[in-house]
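In what follows, a structure is listed as C-alpha cells, so that the remarks can point back to it.
Quick caveat: nothing in here was measured; it's all calculated off a predicted structure.
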Amino acid sequence: MSGGYRRLVQSTVAVRELTPDDIPAAWALGARAFGYDPQPPPDAAGPTTPGTTRYGAFDPAGRLLGKAVDLHHEQWWSGRAVSAADVAGVAVAPEARGRGVARALLAALLRGARERGAAVSALFPTIIGPYRACGWEVAGALRTVDLVTANLPRYRPAPHLTVRAATAEDMPAVADLYERVARHRRGLLTRRGELFDHLGATTDLPADGVTLVEHDGDLVGYVSWDRGHGYGPDSMLTVFDVLATTPDAARELVGVLASWRSVAPTLRMRLLDGDAVTARLPLETLREHRQQPWMHRPVEVTRAVRERGWPSYARGSVEFTLDDDLADWNTGAWRLEVADGAAELSRSTGEPALHLSVPGFARLYAGVTNAESLVQAGQLRHGPSADPRLLDLLAVGGPAHLLDYF
C-alpha cells in the first residue's frame, strides 16, 4: 500500500448508510475480520434489518473500507427506558487499518444516533484502546461461568409452586418477568423494539427449551437452556436466562438445574450479580469461563441525564466542563441538578473548576467508580479549591450490568 494511498484514505474517506447493494461487500468484509462463513446467506442482500442502521466507509473509488452497525436498543436505568445506540459489527479492511476509518465510522454513527433520539451507547470491544480513544469506557463485564451440576443445592420441591415446560403462548409472560427483574436495574436491555420484534424475542421459544415456575398461575421464575450433545463427563447444559422474582422461585430454579446432574455434569451460565438466583448458587465452586468487557458512553449528555431514573434520595447540583472530540455537541460547561427522582443537565454560564473527560462521564454514569478515582486516572481535573467529590452525584444508583451479548 503506497504512502500516497494511505494519506488518501485518511483524508477522503466518506461515510454513509449502507444500501442493499452494499451488503455483499459488507458481508465479505465482516467474514475477513471475524472469520465467519464467506458465503452470505440467501437473504443477506435483502432489506435492512428493522431496528438497525448500518454504516459504511468508502474510498474515492467507492471501495468499502469499513462498516459499523447501530442497534436501536433501549436500556433500563432505574425504572426508565433510555434510548440507546449500541454498536456492533465494527470492521475495517486490513489495508485501511490505523488510518482513522473506524473513528470516522463511529463519529457518523453517533451523529445519526443523536438525530434519531438516542441518549447512550454500549458495545462489546474486541480491543479496548480504539474505543476508549473515541469516548467509550469499560463499565463492566458480562461473566460466563461453569458450575459443577452436582454441587448445586438439592432443594425439596415447594408444594405451592408449579414447574412446567413453556410453550410459545407463554413467551409474553416470560418477557414480562424479565422486565420485572431488569427494569429497576441499570444498563440491562429492555428487549423491546423493532429489532427484538424482528428476531421474535417475545414470541418464539429460544434454544432447546424454557422451564417455568408458577405460583397460583402467575409466573415467578424461568430458565432458558440449550441441552447440547451427549451425556458423558464432558456434557454441558448451557443456561441463557435464569431469573426469579421470589426467593422460593429462585430455590426451585436451582433445584431444576441440579436435576440435570446425571446427564450434564457442567452448567454454563451468565451471572447477574445480586439477583435472587445468584444468591442461592455455590459461587465458591464456580470456574470463570469468559469475561467479556463492555463499554459505555453518552450519545447526547442532556438526554442521557434526563431520560434515566435517579434514586429518590439523591439531591444536589454540580457544575463541570466536558470535552468530547467525537460528539462536539456534548462539549462545554454544564450544570447537573438532581432532585425527586429526576435530573436535568443544562448549559452553565460560569467557568466550572471541574473538568471531566467523556470516558470519565461514562464511568460515573454507569456507577463503576467515584470522582476521586477519576482524578487518579486522569479522567477528571480540578482547580485547587474545587472538591471533585461533588461529581459523585452523577454516579448515584449503583453499578450497571449487561446480560445480553450483541
Side-chain angles (χ1 to χ4, degrees), residues 1-73 84-118 121-136 194-195 198-199 295 297 299-300 324-330 406:
M1 184 176 179
S2 70
Y5 183 67
R6 289 174 183 172
R7 288 191 295 272
L8 192 65
V9 169
Q10 196 169 26
S11 61
T12 62
V13 61
V15 180
R16 61 169 172 80
E17 290 187 29
L18 295 179
T19 69
D21 291 340
D22 300 316
I23 300 302
W27 181 273
L29 176 58
R32 287 199 300 274
F34 301 116
Y36 52 70
D37 190 345
Q39 294 299 120
D43 61 349
T48 56
T49 304
T52 65
T53 307
R54 301 175 186 274
Y55 292 91
F58 297 84
D59 70 8
R63 288 174 292 217
L64 182 67
L65 302 178
K67 69 179 189 72
V69 182
D70 169 9
L71 303 173
H72 303 186
H73 286 161
D86 291 340
V87 181
V90 180
V92 176
E95 63 275 10
R97 292 172 187 161
R99 317 297 173 198
V101 173
R103 186 177 182 87
L105 278 167
L106 293 171
L109 186 151
L110 287 173
R111 285 194 299 272
R114 182 195 186 208
E115 290 171 1
R116 69 171 181 81
S121 175
L123 57 83
F124 286 93
T126 54
I127 183 170
I128 289 172
Y131 294 105
R132 182 175 279 155
C134 290
W136 281 264
E194 281 188 318
L195 179 56
H198 171 76
L199 297 174
M295 306 181 78
R297 75 126 48 223
V299 172
E300 164 72 75
D324 193 339
D325 292 339
L326 213 63
D328 59 6
W329 51 86
N330 292 328
F406 47 81

Shortest non-hydrogen pair, Trp27 vs Asp37, comes out as NE1-O, 2.9 Å

inquiry  = Counting C-beta onward and ignoring hydrogens, is there a side-chain heavy-atom pair between Glu17 and Tyr55 closer than 4.5 Å?
reply    = yes

So do Val299 and Arg114 actually touch side chain to side chain, heavy atoms under 4.5 Å?
yes

In terms of heavy-atom contacts, Gly56 and Leu64 come closest through CA-CD1, 3.9 Å

Q.
Would you say that Arg297 contacts Val87 through its side chain, given a criterion of any heavy-atom pair below 4.5 Å between the two side chains?
A. no

Is it true that Arg116 and Asp70 have a side-chain N and a carboxylate O under 4.0 angstrom from each other? yes

Nearest heavy-atom approach of Ser121 to Ala85 is OG-O, 2.5 Å

Would the distance check show the side chain of Trp329 and the main-chain N or O of Asp324 forming a donor-acceptor pair, the cut-off being under 3.5 Å?
no

Would you check if Leu326 and Trp136 make a side-chain contact, meaning some heavy-atom pair closer than 4.5 Å?
-> yes

Worksheet item: So, Lys67 side chain and Gly89 main chain: donor-acceptor pair closer than 3.5 Å or not?
Response: yes

Note to self: Between Asn330 and Glu300, is there a side-chain heavy-atom distance shorter than 4.5 Å?
What the structure shows: yes

Contacts of Asp86 meeting side chain to side chain donor-acceptor pair (under 3.5 Å) (sequence neighbours excluded), chain-then-number -> His73, Gln75

Nearest heavy-atom contact between Ala133 and Arg103 is O-NH1, 3.4 Å

All heavy atoms of Leu105 vs all of Ala57, minimum pair found to be CD2-N, 3.7 Å

Residues Val13 and Ala104: closest non-hydrogen pair is CG1-CB, 4.1 Å

Please step through side-chain contact (heavy atoms from CB on, under 4.5 Å) for the pair Asp22 and Arg16, ending with a clear verdict.
-> CA-CA 11 Å; Asp22 300 316; Arg16 61 169 172 80; 2.7 Å; yes

Is there a side-chain contact between Val69 and Thr49 in this structure, where contact means two heavy atoms from C-beta onward sitting under 4.5 Å apart? no

Value for CG (Leu71) from CD (Glu194), rounded to nearest 0.5 Å, stands at 12.5 Å

Any side-chain heavy atom of Val92 sitting closer than 4.5 Å to one from Arg99?
no

